[in-house]
Structures are given as C-alpha cells and as structure tokens.
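Below is one structure, written out as structure tokens; comments come after it.
Naming: A, B, ... by sequence-line order, numbering from 1 per chain. Note that this is a predicted model, so its numbers are computed, not measured.
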Amino acid sequence: MHAFDYVAAQTVQEAVSLLAEKGDAARVLAGGTDLIVQVREGRRSPDLIIDVKHIPDTNVLSYSPQSGLTLGAAVPCHRIYGDATIAAAYPGLVDAFSLVGGMQIQGRGTVGGNLCNSSPAADTIPALIAHSAVAVIAGPSGTREVAVEDFCTGPGRNVLQNGELLVSLKIPAPATGFGACYLRFIPRNEMDIAVVGTGSSVVLSADGSTIISALVALGAVGPTPITVDTSALAGQPANEVTINTAAEASIAAASPISDMRGTVEQRRHLSGVLTRRTLQKAIARAQGEA
Amino acid sequence: MSQKQMVTTTINGEETTFICEPRQSLLEVLREDLGLTGTKEGCSNGNCGACSVILDGVLVDSCLVLAVETAGRTVGTIEGVAGPAALHPLQQKFLEHAALQCGICTPGLIISAKALLEKNPHPTEHEARLWLAGNLCRCTGYDKIIRAVLDAAETMGASA
Amino acid sequence: MAEATAGYKVIGTRPLRPDGADKVTGRAVYGGDVRMTGMLHGKILRSPHAHARIKSIDTSRAEALPGVKAVMTAQDLPEPEDRMAAAGEVAVNLKYLACNVMARDKVLYKGHAVAAVAATSIHIAEEAMGLIEVEYEVLPPVMDVLEAMQDDAPILHDDLKMMEFGQQTDKHGNIANHFQFKLGEPAEGFKEADVIIERELNTATVHQGYIEPHNATVLWNEDGHVNIWTSTQGQFVVQKQTSEVLGIPVSDVTVTPCEIGGGFGGKIPVYLEPVAAILSKKSGKPVKLIMSRIEEFDATGPTPGSNMWIKIGAKNDGKVVAAEAVLKFEAGAYPGSPVTAAAMCIFAPYAFPNMQVDGYDVVLNKPKTAAYRAPGATNAAYAAETLMDELAERLGMDPLELRQINGTKEGERQVTGVAFPRIGYMETVHAALEHEHYATPLTGPNRGRGVASGFWFNVGFQSSVVINVNSDGTVNLIEGSTDIGGTRASIAMQAAEALEIPYEDVKPRVVNTDSIGYTDVTGGSRTTFATGYAAHDAALDVIAQMKGRCAGRWNSEEAPVTADDVDYSGGTFINKKNAEQTMSFKEVAGTLARTGGPLTGSATVQPRGVGGAFATHVVDVEVDPDTGKVQILRYTATQDVGTAIHPSYVEGQIQGGAVQGIGWALNEEFIYNDDGNMVNASFLDYRMPTSLDLPMIDTVLIEVPNPGHPYGVRGVGEVPIVPPPAALANAIYRAIGKRMTNLPMSPSAILNKINNGD
C-alpha cells in the first residue's frame with residue numbers, strides 16, 4: 001500500500017485548510033470502506049489521509065418532525081438505522097442504508113462517504129434524491145449547499161472543489177402523505193454492488209388516492225445517478241397504470257452500459273421492474289401500511 | 001517516508017501501545033506486530049469477514065480499519081472471547097454442532113455471532129442469516145453454523 | 001452425544017474434534033500465522049499479459065531498495081527436465097510445474113510469476129515490485145476452449161504435440177490429449193432408440209474459493225536443509241514437488257503442515273515454496289510468501305471451463321440404448337485438465353449398454369487448472385443429468401423413475417470397462433423418491449423441482465500411521481493427513497474402535513515429513529478411508545503386541561501361555577486357558593516397562609478396495625420472472641456414505657459440497673476481458689453463496705458399507721458437489737419452461753432466456 005501520513009482533523013476549518021493546501025494529494029477518510037480498498041489496490045495514492053470522524057459537525061445525527069434530519073457526513077450507517085425514531089421516520093432511507101455491504105461494512109461505512117465516493121451504483125444516492133436531500137459543503141470560501149441530485153458529475157466525480165469537505169446532509173421532514181422506498185437488484189441476497197438501484201418517493205393526497213408529486217432516482221444505469229422526470233405523475237391516481245407510466249419513464253431515462261455486473265438490456269429492464277416495485281411500496285407506506 | 005505513529009488502544013480489555021505506519025491496517029498490526037493471529041485475512045477488501053473484530057462495540061472488518069484509527073478506542077478480537085477457564089457458549093456450540101471444518105472462517109464468525117446475540121438475543125433463522133451474510137464460509141454451507149448460533153442463543157437466553 | 005452405529009462402540013457417535021478448542025479460540029496455527037526470528041516478507045511479480053514472450057528482466061532497482069534482502073527469477077532455478085514427477089493425485093510434468101512456479105521464456109496467463117523479492121516488510125516488498133522492469137513481447141491470447149482448438153489459434157507451447165488414443169501424433173497446437181472410452185457399440189445402439197436427444201452445454205471457469213490464501217514460510221538453512229511451513233493438503237507432495245523444482249534431494253526438504261483453511265484440491269499444487277526457498281537461500285533468512293486474493297484468482301488453479309456435446313437415445317420404456325459425449329476441457333496454461341475423470345464419471349450412475357466418451361485436454365491462456373472437489377465430474381453431470389431430465393420428460397416419466405430403470409448396480413460395467421463392486425446408487429434414488437421432500441407437492445407460480453444424480457470414484461493411495469501407547473492407557477496416534485475437515489476425529493474414532501478404548505484416550509497428531517511414513521494428500525475423499533484403514537491396522541498391531549506382553553506376564557513352566565492364547569474384548573485381555581488371568585488395556589499400558597519396554601504399533605496401507613460414492617439431490621426453486629433471480633426454497637441431498645464414522649462431519653461434507661455446487665450453478669464464473677485479464681478477481685464480483693442465499697441443507701446418509709474397508713468406509717467429501725448444477729438446471733426448467741445449457745445460470749442469463757431464448 002502507498003505510504004501516506006494520517007491526521008485526525010478536530011474541526012471543519014482544520015480539514016478544509018488541509019484539503020486546500022494538499023489538493024489532490026489528500027483524501028478524506030470517514031468509514032474507509034471505499035478509500036482503504038482503493039489505496040490498497042493502487043487506484044488512489046494520497047500522501048495525506050484526513051480523518052474527519054473526530055469533527056463534531058460531521059458526527060451530528062439529529063431529527064425533529066419540524067426541521068427534518070441532519071446527517072453528519074461521518075455518521076456510520078448502523079447509527080442511523082439504529083436510532084428508532086429516525087428509522088421510523090425514514091424507512092425509505094433505512095432501506096438503502098441497511099444494504100450497503102454486510103453488517104461489518106455498515107459498522108463503518110457512512111452515507112457521506114458513499115455520496116462522496118460518487119459511484120454510479122451507490123445505494124444511498126437514489127434514496128437521498130428521492131428524499132430531496134441536500135449536501136452541506138464547507139470550503140475555503142465558506143459553506144454552500146448542493147442538492148444531492150446535482151452532486152455527482154461522473155463516475156467517481158462530484159462537485160466538491162479543491163479544499164471542500166462534505167459536512168452533512170439535510171433531509172427534509174417527510175410531508176404528510178409522503179412515502180418512500182429503495183430497492184436494488186443484486187445477483188446474491190447481500191454483499192453485491194447494485195446492478196440497478198432505485199429510490200422512489202411519493203406525496204399522496206389526503207385520501208391517499210392521488211399522487212401530488214413523485215421522485216424516482218436510478219442508480220447504476222448511467223455515469224451518475226439519474227433523476228427520472230416524473231412530472232407527468234403529478235395529479236395522477238396512485239394506481240398500477242400510473243406506476244407503469246413511471247416504469248416506462250425510467251426505462252427511457254436509463255442509459256446503462258454493459259459490464260461484468262450487468263448488460264444494457266438487463267439494466268433497462270430492471271429499471272422498469274424496480275421503479276414499479278419501489279413505487280408500489282412507497283405508495284403503500286404513504287397510505288399508512290407498513 | 002510517512003510518519004510512524006504511536007498508538008495506545010485497549011485490546012480485549014488490556015491497554016496496548018504499538019508503533020505503526022498509517023498505512024498498516026488494524027488487521028496487519030494485530031497479526032504482525034501484536035501476535036494476535038486469531039483474526040484472519042481472507043480477501044483484504046471487506047468481502048469475506050474473516051478479519052471481523054469488535055471496535056467500540058461495533059462489528060467491523062479490521063482490514064478496512066487503519067491501526068492509527070484505534071487510538072483511544074476498544075478492540076475485541078477472538079482471543080478475548082473465551083473465559084479464563086471455559087469456552088464461550090458460541091464456541092462450545094460451534095464444536096458440538098460441527099459448525100466448522102477447516103476453521104479459518106470460525107474466528108470471524110464467532111465474533112460476528114457474538115455481536116449479533118449482544119444486539120438481538122433471540123434472532124430468527126432469517127435474522128441470523130442476514131447478520132452473518134458478511135462472513136463467507138466455503139466448507140460448511142452454513143447449515144450447522146446457523147444451528148449453532150441459534151442453539152447458543154437459546155443456551156445464553158436460558159442462563160441469562 | 002449420539003448413539004454409536006449398531007455393532008460399534010465409537011463409530012457413529014459425534015464427539016468433539018480434538019483440535020476444536022484451538023480452532024474456536026483462534027489459537028490454531030495456520031500457515032499465515034507462522035512467525036520466525038528474522039523472517040522476511042516476500043511478494044511475487046506477475047505478468048500483466050495473458051500471453052507474451054519475456055525479452056528481459058531487470059531487477060537491479062529493486063535490489064537497491066533499502067529493506068530488500070533478496071530477489072529471484074527463473075534463472076535462480078535449475079533448468080527443468082521434460083519428464084514426469086509424482087505429485088499428489090496425478091503425475092505432473094516437471095518442466096510445466098517449474099515454469100508455472102516461475103516463468104522462463106514465456107508467460108502464458110495474466111498473473112504468471114516472473115520474479116520475486118523478499119524484504120523486511122510486506123510494504124517494502126510491494127514497493128520493490130514496482131521497481132522490477134520486465135520487457136514483454138505481447139502475443140495474442142486465446143481464452144476459449146473451442147477457439148484454442150482451431151488450427152489458426154495462438155499456440156502456447158512450441159513443443160506440445162497432441163496425444164491421441166494413447167499415441168503421440170505430430171499435430172502441434174493447443175490440444176494436448178484426445179482419448180476415448182467406449183463400451184459396446186453406440187452407433188448400433190442409437191439405431192434401436194425411439195427417442196434421441198442431443199445438446200451442447202458450456203460451463204465457465206470457477207475457483208475452489210477457499211477462504212485462506214496460499215502461503216509458505218521457508219528457511220533454507222545454513223546446513224543446506226530446506227524447512228517449509230505451509231498450509232497444504234499434502235506435505236509429502238510439497239516435499240516432492242519442491243525438491244524436484246529446486247533440483248535437490250527429497251531428503252533435504254522437511255515440510256511441516258500447518259492448519260489449513262480450505263483446499264478442495266486447490267492446495268495440492270506447489271506455487272510458493274520453491275520461490276520462498278530461493279529467496280531464503282539468497283537472503284539467509286526465513287521468507288514468508290502469502291498470496292493476495294487477486295493472486296489467488298489470477299494465478300492459482302481453478303477448475304476448467306468446458307464445452308460438452310452429449311447425445312442419449314432410449315426406448316419408450318425408458319431403457320437407454322446408447323449414450324455419447326464429447327468433452328472439451330480447458331487445461332489452462334499447461335496440459336492436465338480433469339477431462340479423463342469427467343469421462344469416467346459422466347454416465348457412471350447408469351448401466352447403459354453402449355457408451356462412448358471422447359475427451360479433449362486443451363491449453364489456453366488461463367492459469368493451469370487444479371483439482372476442485374470431484375474434478376471434472378460436476379461439468380459432466382451438468383450435461384448428463386440435464387439430458388436424463390429431458391429424456392424423462394419426453395417419455396412422460398418421473399425423472400427418478402427413469403434413473404431407477406437405468407441405474408447401475410454391483411457388477412455393471414462403467415464406460416472404462418471396469419465393473420462396479422458393491423455400491424449404493426439405487427439406494428440414493430430410492431431414498432430421494434421416498435423422502436418427505438419429494439412427496440410434498442411444490443405449488444405456486446414460477447416454481448420448479450429438479451433432481452440430479454452424481455458419482456465420484458474416490459481414491460485409496462498411501463497412508464502411514466504410528467500408535468504409541470502411553471503409560472496411562474491413552475495412545476498417541478501419529479499420522480500425516482492434514483486435517484481440513486475433521487479427519488483427526490474420524491481417524492481417532494477408528495483407532496479407538498479397533499483398540500476398544502474410549503475416543504478421548506486417542507490423541508491424534510498430524511506431523512511433518514520427517515516424523516511419519518509417506519502419506520498421500522488429504523484429498524480424493526481418501527483420508528477417513530485410507531488413513532483410517534492404517535489407523536485400524538496400527539491398532540491391531542498394538543493389540544497383537546499387547547497380547548504378547550500379557551502372555552509374557554502369565555506364562556509359566558507349569559502353565560505356558562503364548563500370544564495365541566490371549567483374547568481381547570471390550571478393553572480386557574484374557575487368558576483363554578485360565579479365565580482368571582485378565583488385564584485391562586490400561587493395566588498393560590501401565591506396566592510396559594516390566595513386560596518389554598515401550599510399545600509402538602504401526603501400519604502402512606495402499607488399499608485397493610476403494611468404494612465409489614453416489615448421490616442424488618432434490619431441489620425446489622422459485623424464479624423471479626422479472627429479474628431472473630433464483631431462490632432456493634428447499635434442498636435435500638441423499639448419498640451413499642459407506643459407514644458414517646462421524647455423522648456430523650459427513651453431513652458437513654455433503655452440505656458444504658452442495659453449497660459449492662449451488663454457487664457454481666448460479667453465480668460463480670471467471671469473467672475475462674479481451675486482453676485475457678480476469679475482471680472480477682475479488683470476492684465482491686466472484687460471487688460465492690453467503691448465509692443469506694441458502695436454506696438449511698437436509699442430508700440423508702445411506703450406509704451401504706464398502707467391503708474394501710474394515711469399517712465399510714467410503715469417501716464422502718467430493719460427490720456432493722456433482723449433482724447441484726444439474727439439479728438446479730432441472731428445477732429452473734420446471735419453473736420457467738426453458739432449459740439453461742450454460743453455467744452459471746445467473747439472473748441475467750435466466751432473464752435473457754425467459755425473454756429471448758428457447
């Protein structure tokens with residue numbers, strides 16, 4: 001493994017100034033479940049690894065029904081779904097957070113890290129998009145916010161500029177009538193990278209019969225996670241016909257490649273299947289079923 | 001050349017200090033520098049669970065933890081599972097059920113199962129299989145492992 | 001604890017294994033755990049090209065790196081002779097073995113070793129890798145067995161000429177061997193058939209997937225002796241192969257087998273030991289080499305991918321009249337795929353009157369294949385058992401009933417012409433038919449039930465055992481069979497049974513090549529059979545000697561007693577001429593010094609009466625028609641196990657083998673890019689089953705004792721991997737209505753078949 005120095009930053013400012021100084025020669029370490037593998041396999045060769053797990057701001061995990069969820073970038077997955085209140089408020093996020101590798105990975109891996117790794121197949125990103133999550137970024141010129149659906153710019157690439165650090169994610173409180181679900185297709189039952197991942201959410205009318213708005217995001221079918229245009233669903237009845245329309249939209253929006261994990265045809269097909277299944281579940285959750 | 005660091009951590013209840021390079025994983029330091037070879041290396045990329053340890057009460061793959069990250073933390077390895085004069089019920093049940101053949105995955109599995117039972121003392125078969133999915137076994141087909149874990153849960157529950 | 005099997009006191013019980021406490025506490029020393037003073041860490045530089053000539057290797061910059069203590073290439077090994085060397089289960093060509101350990105002129109697969117270093121830390125050794133400059137002339141690779149057989153294929157070996165029907169030909173290419181087994185006249189037989197089915201099937205390269213990587217720690221001592229510590233299935237094979245590659249006498253090499261974290265056949269060949277030995281010789285220190293997981297995939301022997309054509313003809317009453325197959329197997333970079341074994345097993349469950357199997361052993365630019373649990377038989381069964389299923393359907397017959405009509409028995413001839421001794425195939429079919437699983441209807445959409453049978457011949461080979469009697473009546477059992485799956489227990493149990501003493505009083509020890517007579521590998525399902533046989537015979541030797549000791553004690557001028565006058569039963573020696581004179585085993589043990597001194601029994605065996613193993617598996621699946629994913633609902637494996645010495649470990653062998661077969665069937669494969677590089681060389685994308693992918697695996701142990709063993713033992717470890725892919729293919733067929741003829745039957749393949757295939 002490439003030799004690097006290690007520092008545990010204590011504040012956001014410290015991390016930001018180290019990142020600004022070192023540029024590409026530094027990498028942020030949260031859970032390490034991506035970074036350590038990349039360095040070991042020679043895909044990254046940082047001279048400095050900046051551990052951000054000691055920074056209070058990146059460890060925040062707070063929720064209120066009024067202001068929603070603030071999820072520090074260094075909070076490991078198991079802490080999130082281990083919080084009963086948060087888990088109950090965001091089952092559609094727990095779907096994704098409890099799938100990122102096995103229990104050992106979830107003991108370390110973070111949602112922030114999953115987002116910043118920016119793999120097209122990341123499990124958390126479609127779920128975050130379906131929840132209208134926003135990334136809070138600190139940098140040399142201050143703090144800015146970027147919608148998660150705009151965060152990734154290509155495989156392994158994102159909007160973070162030199163010196164910038166993802167501090168936390170803000171997820172709005174679920175509106176009344178909100179329901180969400182994340183599903184992915186993998187060949188085994190655990191431990192695989194998603195062949196296709198889909199995060200869907202709906203906001204239903206008070207009587208649960210009509211879709212007010214919907215969000216569908218696809219993973220692993222493009223260079224970045226893809227947000228499907230679901231404007232046509234607004235005002236439509238929450239039924240199979242509408243769901244199928246959304247599935248068709250997903251198939252059209254997907255632009256997958258064939259690689260060792262899946263073929264173009266298979267991924268297109270699965271985009272439709274998973275859109276159907278996640279919307280069915282999101283609607284059921286919005287209607288009050290488990 | 002990177003700066004070596006002195007790290008003080010607690011391993012199996014004992015305060016331990018070592019010097020390491022930042023690039024050395026916890027797995028490497030346990031095995032190479034501390035003589036704790038019970039934790040095994042199978043794949044080095046977090047896909048087999050043979051290197052499972054407990055870090056601050058949480059089940060993790062030690063191949064994906066830098067040794068420097070353990071400063072001030074607590075680490076539990078297979079060497080700390082058995083009591084002074086007796087095996088842990090999980091270890092005993094693994095033997096009774098013949099839940100090991102070559103035994104290389106066994107330390108990782110016992111650590112994982114111990115973490116499971118601490119979190120969920122009465123898992124169903126499905127819950128046990130889900131929790132243990134991060135530990136590959138190539139010899140047993142998992143049948144006897146699951147039986148051993150569920151039996152240990154009963155035994156530990158009965159004596160609790 | 002379980003009751004003993006009828007007629008036995010120990011056999012059939014389920015005691016704890018003697019190495020158990022060490023293994024559940026992490027104390028057991030596996031090869032990777034070995035530590036020695038001054039030990040260096042080694043790394044091997046491997047070819048990035050699947051096929052290339054080596055133009056030059058410059059190691060000077062690596063040698064200059066601080067911390068590097070030795071560097072080696074093939075130039076440090078003697079030029080290997082082109083001859084056979086005994087080496088485990090099959091003889092190997094020494095030139096191929098040595099060149100596989102370290103490439104000489106050409107690299108023949110991505111990952112082929114070209115140089116190695118030893119350094120004071122593993123990280124420095126890794127850095128040194130980057131400083132070795134190798135100039136290659138890249139050649140086009142050939143990665144597919146059918147392509148490799150073409151006349152215009154890139155040729156791997158300048159001097160490989162095809163053997164055909166036992167004769168050397170002049171045909172220079174990638175086909176190393178073409179042989180044929182024939183019984184009767186298939187061409188005539190097919191004329192009588194009412195139904196003929198033929199199909200072509202393909203399987204992909206798969207790996208044994210043992211969790212512990214290959215390792216070796218070697219000290220080439222100042223006195224010229226080479227000491228090796230390694231995780232191996234056979235320390236005597238390591239000794240022999242290493243001495244051959246190094247060009248030194250076998251007696252200069254001592255191999256100590258460490259505990260081993262899985263092998264399945266893959267830890268029989270030698271890869272690291274000669275390299276570590278040279279590095280140790282050059283540095284004057286012990287050197288340890290451990291493979292990374294990527295190296296395991298790139299550079300150790302997987303089992304072959306294959307192309308198989310098969311044709312079966314039957315009459316309407318179900319009797320098969322003729323069967324033919326052509327098997328084309330990938331040997332990897334050097335000749336020696338298990339295509340011969342595949343040909344021996346493909347029709348073995350059946351007493352077909354006319355059979356013909358052609359086998360081709362073909363080299364191509366993949367790592368040299370190694371044994372993987374019943375090597376070749378799983379590929380073959382995928383073909384044969386799929387066709388038997390199709391035949392049953394065509395004839396409107398239950399697939400197990402078809403097997404009853406054609407099933408083989410004692411006295412029937414195999415395709416090799418050899419008649420079967422007492423075997424238990426029909427019993428496995430009967431057990432499956434009668435099982436509650438088979439009797440329970442499978443209802444629901446997208447579900448199907450499949451059955452398949454399988455065979456593995458097992459081997460005998462050589463084993464040695466020594467039993468030393470301790471003064472407290474316990475015994476030390478010294479043996480040379482590395483314990484991969486509980487054989488210390490099964491061998492000790494057989495000794496305890498023969499000695500008529502408690503199991504706990506037998507202390508088995510697995511020792512190095514200096515300390516026990518020659519013993520063949522732990523593999524071939526031979527260990528409980530052959531080493532157990534030797535333990536039994538050594539025990540009888542102990543008893544015979546003890547009878548002599550008793551006779552010596554009791555003998556007097558007035559009442560002479562010889563050993564023939566002494567009986568032994570239930571732990572007690574008795575003078576047949578005077579029943580008041582008795583001694584217990586413990587008493588004899590406690591008085592050895594007074595009766596002649598220490599007592600050691602021994603035995604060496606090369607048993608001929610090997611019993612083959614048959615299995616029949618039943619599996620229920622549900623296929624998600626939208627995704628192609630297969631869920632296994634229920635699995636039952638029946639097998640003739642001879643006599644189950646320790647039933648828990650027999651069950652474990654069946655369950656473990658079945659699950660490997662399931663992985664082989666549904667997800668495992670080596671995926672190569674156009675450059676001949678494996679792109680999924682990690683446990684992330686080489687997908688072996690996890691605990692969440694499986695239900696419990698039910699086992700039915702049928703005991704048809706093998707007459708060739710004192711306790712009726714048959715090897716049990718290998719045949720369980722043979723039926724699963726075909727059983728799953730047949731179940732998937734019933735779920736989706738289409739036959740899968742390629743392995744793996746991954747979700748994308750099944751989805752494709754559902755949407756596009758016939």
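- Note: C:F264 and C:Y210 have parallel aromatic rings, judged against thresholds of 30 and 60 degrees for the angle between ring planes.
- Chain C forms the most heavy-atom pairs under 4.5 Å with one residue out of B:C102, B:G141, B:G80, and that residue is B:C102.
- The contact between C:Q653 and chain B is made by backbone and side chain atoms together, counting heavy-atom distances below 4.5 Å.
- Using a 4.5 Å cut-off between heavy atoms, B:T106 touches chain C through its side chain atoms alone.
- With hydrogens and angles disregarded, a donor-acceptor distance shorter than 3.5 Å links the side chain of C:K288 to the backbone of C:V34.
- For a residue to count as touching a neighbouring chain, one of its non-hydrogen atoms must lie under 4.5 Å from one of that chain's; by this rule C:T25 touches chain B with backbone and side chain alike.
- Side-chain polar atoms of C:T522 and C:T482 form a donor-acceptor pair below 3.5 angstrom.
- In this structure, chain B has no heavy atom under 4.5 Å from any part of C:A658.
- Heavy-atom pairs under 4.5 Å with chain C peak, among B:C43, B:G134, B:G38, B:P107, at B:C43.
- Neither the backbone nor the side chain of C:E295 comes within less than 4.5 Å of any heavy atom in chain B.
- Salt bridge status for B:E69 with B:R73: absent, with no side-chain N to carboxylate O gap under 4.0 Å.
- Within the 4.5 angstrom heavy-atom criterion, only side-chain atoms of C:R35, from C-beta onward, approach chain B.
- Ranked by non-hydrogen atom pairs under 4.5 Å with chain B, the options C:R17, C:E259, C:E651, C:R27 are led by C:R17.
- A salt bridge does not link C:D693 with B:R129: none of the charged nitrogens is closer than 4.0 Å to a carboxylate oxygen.
- For chain B, no part of C:I290 is nearby; none of its heavy atoms comes within less than 4.5 Å.
- Counting only N and O atoms by type, the side chains of B:Q24 and B:D33 include a donor and acceptor under 3.5 Å apart.
- Looking at C:I260, only its backbone comes within 4.5 Å of chain B, counting heavy atoms on both sides.
- For a residue to count as touching a neighbouring chain, one of its non-hydrogen atoms must lie under 4.5 Å from one of that chain's; by this rule C:E296 does not touch chain B.
- With hydrogens and angles ignored, the 3.5 Å screen pairs no side-chain donor or acceptor of C:Y649 with any backbone N or O of C:R14.
- Contacts of B:E125 with chain C are made by side-chain atoms alone, with heavy-atom separations under 4.5 Å and no backbone atom involved.
- Contact annotation for C:H41: only side-chain heavy atoms (C-beta onward) come within less than 4.5 Å of a heavy atom of chain B.
- One finds no salt bridge joining B:D151 and B:R147 here, because no Lys/Arg side-chain nitrogen approaches an Asp/Glu carboxylate oxygen to under 4.0 Å.
- Using a 4.5 Å cut-off between heavy atoms, B:L87 contacts chain C through its side chain alone, with no backbone atom that close.
- Contact count against chain B (heavy-atom pairs under 4.5 Å) is highest for C:S691 among C:A489, C:P213, C:S691.
- In this structure, the side chain of B:W131 engages the main chain of B:S112 through a donor-acceptor pair within 3.5 Å.
- In this structure, a donor-acceptor pair under 3.5 Å is present between the side chains of C:E668 and C:Y686.
- For B:L95, the parts lying near chain C are the backbone and the side chain together; criterion is any non-hydrogen pair under 4.5 Å.
- Top candidate by heavy-atom pairs under 4.5 Å with chain C, chosen from B:T77, B:L36, B:T37, B:L132, is B:T37.
- With chain B as the partner, the residue from C:I662, C:V659, C:V24, C:I654 showing the most heavy-atom pairs under 4.5 Å is C:V24.
- Interface check for chain B: of the options C:S682, C:G663, C:P689, C:G486, the most heavy-atom pairs under 4.5 Å are formed by C:P689.
- Judged by distance alone, the side chains of B:E28 and C:H123 do bring a donor and an acceptor atom under 3.5 Å apart.
- Using modelled atom types, one side-chain atom of C:Q639 and one backbone atom of C:V716 make a donor-acceptor pair closer than 3.5 Å.
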